[in-house]
Amino acid sequence: DGTTTNRLTPVQVMTDIQAISAGYSHSLFLKTDGNVWASGSNDYGQLGDGSSTARSTPIQVLTSVQAIAAGQSHSLFLKTDGSVRACGYNYYGQLGDGTATTRRSSPVQVLITSIQAIGAGDRHSLFLKIDGSVWASGNNANGQLGDGTTTSRLAPVQVMNGVQAISAGYSHSLFLKSDGSVWACGSNFSGRLGDGTTTQRNTPVQVLTGVQSIVAGITHNLFLKTDGSVWSCGFNSSGQLGDGTNTTRLSPVQVLSNVQAIAAGESHSLFLKTDGSAW
């Protein structure tokens with residue numbers, strides 16, 4: 001909004017927006033004309049404007065974009081031609097351009113094409129191709145890439161097939177298959193994967209069925225089922241699971257009903273109900 005003043009109530013920033021994505025300390029805005037604008041911290045070039053200068057008002061970065069994803073200190077842009085551009089921190093290869101340690105202050109092309117969806121985690125990235133295959137790159141210390149190893153990948157490697165949606169958490173990943181089943185891999189601290197254990201998974205394990213939408217937070221997950229109910233699992237110290245307790249859940253528990261959209265932050269969750277109210 002042109003200042004560095006914290007705001008307790010929302011202030012207007014831009015108009016004609018079709019999508020938004022918030023990273024650790026930067027924000028991305030996709031306008032209806034396909035142009036991407038960015039603001040916030042830029043230490044690693046995550047805004048993609050060719051500099052490392054923080055921006056308190058949004059600046060234009062790219063054109064012809066259909067989807068955006070902000071990670072901790074990197075950004076992904078899915079262009080209308082199915083190619084992906086990436087910028088920012090790249091120590092683990094999360095930009096997927098085949099290099100490591102080389103931060104990019106201007107967007108570079110990821111080494112795969114024909115992409116339909118993107119997901120940016122803390123230091124890893126997920127790419128869903130139009131054929132339903134998932135590819136991943138970046139930090140893999142906790143098995144979050146799902147390729148059966150803990151080896152970081154500088155270029156995307158294939159993980160799964162038959163997938164319709166993806167979500168990247170801090171050090172874990174979620175995959176929603178076309179049959180409505182959810183699969184998860186990576187760190188399982190506090191049971192965030194939802195498989196009833198705290199065991200790290202280097203390959204995806206099945207968690208739930210009958211799901212239409214998934215969201216990975218930092219240490220918790222939200223699942224929106226086809227019947228409109230929301231289920232959650234993982235760390236719950238701040239009540240982020242929404243089940244009325246502060247009890248960590250190793251398996252998903254039901255939270256709400258009549259929900260149409262979900263969002264997970266670091267230690268909080270948001271729910272958009274079918275009547276248009278937000279909880």
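Only a predicted model underlies this, so the values are computations on that prediction, with no experimental measurement involved.
A distance of 14.5 Å separates CZ in Arg103 from NE2 in His74, rounded to the nearest 0.5 Å. Put simply, OG1 on Thr209 and CG on Asp179 are 8.5 Å apart, with the number rounded to the nearest 0.5 Å. Here the CG-CZ distance, from Asn139 to Arg153, works out to 12.5 Å after rounding to the nearest 0.5 Å. Atom OG of Ser267 sits about 8.0 Å away from atom CD1 of Ile218, to the nearest 0.5 Å. The distance from atom OG of Ser277 to atom CZ of Phe271, rounded to the nearest 0.5 Å, is 12.0 Å. Separating the CG atom in Leu145 from the CG atom in Leu126 is a distance of 7.5 Å, to the nearest 0.5 Å.
With His172 as the fixed residue, the side-chain hydrogen bond (donor to acceptor under 3.5 Å, both in side chains) test singles out one of Asp122, Asn221, Thr219: Asn221. Each of Asn35, Val36, Leu28 was compared with Val65 under the side-chain contact (heavy atoms from CB on, under 4.5 Å) criterion, and only Val36 meets it. The side-chain contact (heavy atoms from CB on, under 4.5 Å) with Val259 is formed by just one residue from the set Asp227, Leu272, Leu222, Val230; it is Val230.
Under a 3.5 Å cut-off, the side chain of Ser238 and the backbone N or O of Gln240 do not form any donor-acceptor pair. Asn42 places no side-chain N or O within 3.5 Å of a backbone atom of Ala54 that could act as its donor or acceptor partner. Between the side chain of Asn236 and the main chain of Thr247, a donor-acceptor pair closer than 3.5 Å is present. Side-chain N or O atoms of Arg55 include none that pairs as donor or acceptor with a backbone N or O of Leu47 at under 3.5 Å. In this structure a side-chain-to-backbone donor-acceptor pair under 3.5 Å is missing from Ser114 to Lys129. In this structure, Asn140 contributes its side chain and Thr151 its backbone to a donor-acceptor pair below 3.5 Å. Counting only distance, with no hydrogens or angles, the side chain of Ser190 and the backbone of Gly234 share no donor-acceptor pair below 3.5 Å. Put simply, the side chain of Ser125 gets close to the backbone of Gln94: a donor and an acceptor are under 3.5 Å apart. Looking at Ser232, its side chain does come within 3.5 Å of a backbone N or O of Leu241 through a donor-acceptor pair. For Asp1 (side chain) and Thr57 (main-chain N/O), no donor-acceptor pair under 3.5 Å exists by modelled atom type.
Annotation for Tyr92: atom OH counts as buried by contact number, over 12 foreign heavy atoms lying within 6.0 Å. Remark: Gln206 CD is packed, more than 12 non-hydrogen atoms of other residues, nucleotides or ligands lying under 6.0 Å away.
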May I have the step-by-step check of side-chain contact (heavy atoms from CB on, under 4.5 Å) for Lys79 and Gln66, ending in yes or no? CA-CA 5 Å; Lys79 302 206 73 177; Gln66 62 174 310; over 6 Å; no
Take Trp231 and Ser229, measure what side chain to side chain donor-acceptor pair (under 3.5 Å) needs, and give me the verdict at the end.
-> CA-CA 7 Å; Trp231 298 65; Ser229 64; 3.0 Å; yes
- request: Give the intermediate values and the outcome of side-chain contact (heavy atoms from CB on, under 4.5 Å) for residues Phe175 and Val134.
  value: CA-CA 9 Å; Phe175 312 95; Val134 176; 3.6 Å; yes
Audit row: Ser39, Trp37, side chain to side chain donor-acceptor pair (under 3.5 Å) steps and yes/no: CA-CA 7 Å; Ser39 64; Trp37 297 65; over 6 Å; no
| request: Check step by step if side chain to side chain donor-acceptor pair (under 3.5 Å) holds for Ser173 and His124. | output: CA-CA 9 Å; Ser173 301; His124 73 291; 3.0 Å; yes
Quiz prompt | Test log, rule side-chain contact (heavy atoms from CB on, under 4.5 Å), inputs Ser52 and Asp43 | solution = CA-CA 5 Å; Ser52 57; Asp43 293 346; 6.0 Å; no
**OP:** Check step by step if side-chain contact (heavy atoms from CB on, under 4.5 Å) holds for Asp97 and Asn90.
**Re:** CA-CA 9 Å; Asp97 69 340; Asn90 195 31; 3.3 Å; yes
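Using bins of under 30°, 30° to 60° and over 60° for the plane-to-plane angle, the ring pair Tyr89/Tyr91 lands in the parallel bin.
Residues Val110 and Ser83 are not in side-chain contact: their nearest non-hydrogen atoms beyond the backbone lie 4.5 Å or more apart. Residues Gln200 and Thr150 have side chains in contact (heavy-atom distance under 4.5 Å, counting atoms from C-beta outward). Looking at heavy atoms from C-beta onward, Trp183 lies in side-chain contact with Ser181 at the 4.5 angstrom threshold. At a threshold of 4.5 Å between non-hydrogen side-chain atoms, the residues Val163 and Ser178 do not count as touching. Contact of the Tyr24 side chain with the Ser41 side chain is not registered, since no non-hydrogen atoms from C-beta on lie closer than 4.5 Å. At a threshold of 4.5 Å between non-hydrogen side-chain atoms, the residues Leu176 and Phe223 do not count as touching. With a 4.5 Å cut-off on side-chain heavy atoms, Thr197 and Asn188 count as touching. Taking the side chain as every heavy atom from C-beta outward, Met14 and Pro58 approach each other to under 4.5 Å.
Using a 4.5 Å cut-off between side-chain heavy atoms of Ile, Leu, Val, Met, Phe, Trp and Tyr, with links allowed through other members, Ile112 and Ile118 fall into the same hydrophobic cluster. No path of Ile, Leu, Val, Met, Phe, Trp and Tyr side chains, each step under 4.5 Å between heavy atoms, connects Val108 with Ile115, placing them in separate hydrophobic clusters. Cluster annotation: Leu128 is connected to Val159 through the hydrophobic network of ILVMFWY side chains, with a link wherever side-chain heavy atoms come within less than 4.5 Å.
Gly23 and Ala70 make their closest contact through N-CB, 3.4 Å (heavy atoms, listed as atom of the first residue, atom of the second, distance). Residues Leu256 and Trp279 approach most closely at CD1-CB, 4.3 Å, considering heavy atoms. Among all heavy-atom pairs drawn from Thr198 and Gly191, the shortest one is CG2-N, 4.0 Å. The two residues Cys185 and Gly143 have their closest heavy-atom pair at SG-O, 3.7 Å. When all heavy atoms are compared, the tightest approach of Arg123 to Gln72 is NH2-OE1, 3.8 Å. Shown here for Pro107 and Val61, the closest heavy-atom pair between the two residues is CG-CG1, 4.1 Å.
The salt bridge (charged side-chain N to carboxylate O under 4.0 Å, His left out) search around Arg201 returns Asp195, not counting sequence neighbours.
For the residue pair Arg85 / Ser106, no side-chain donor-acceptor distance below 3.5 Å is found, with atom types taken as modelled.
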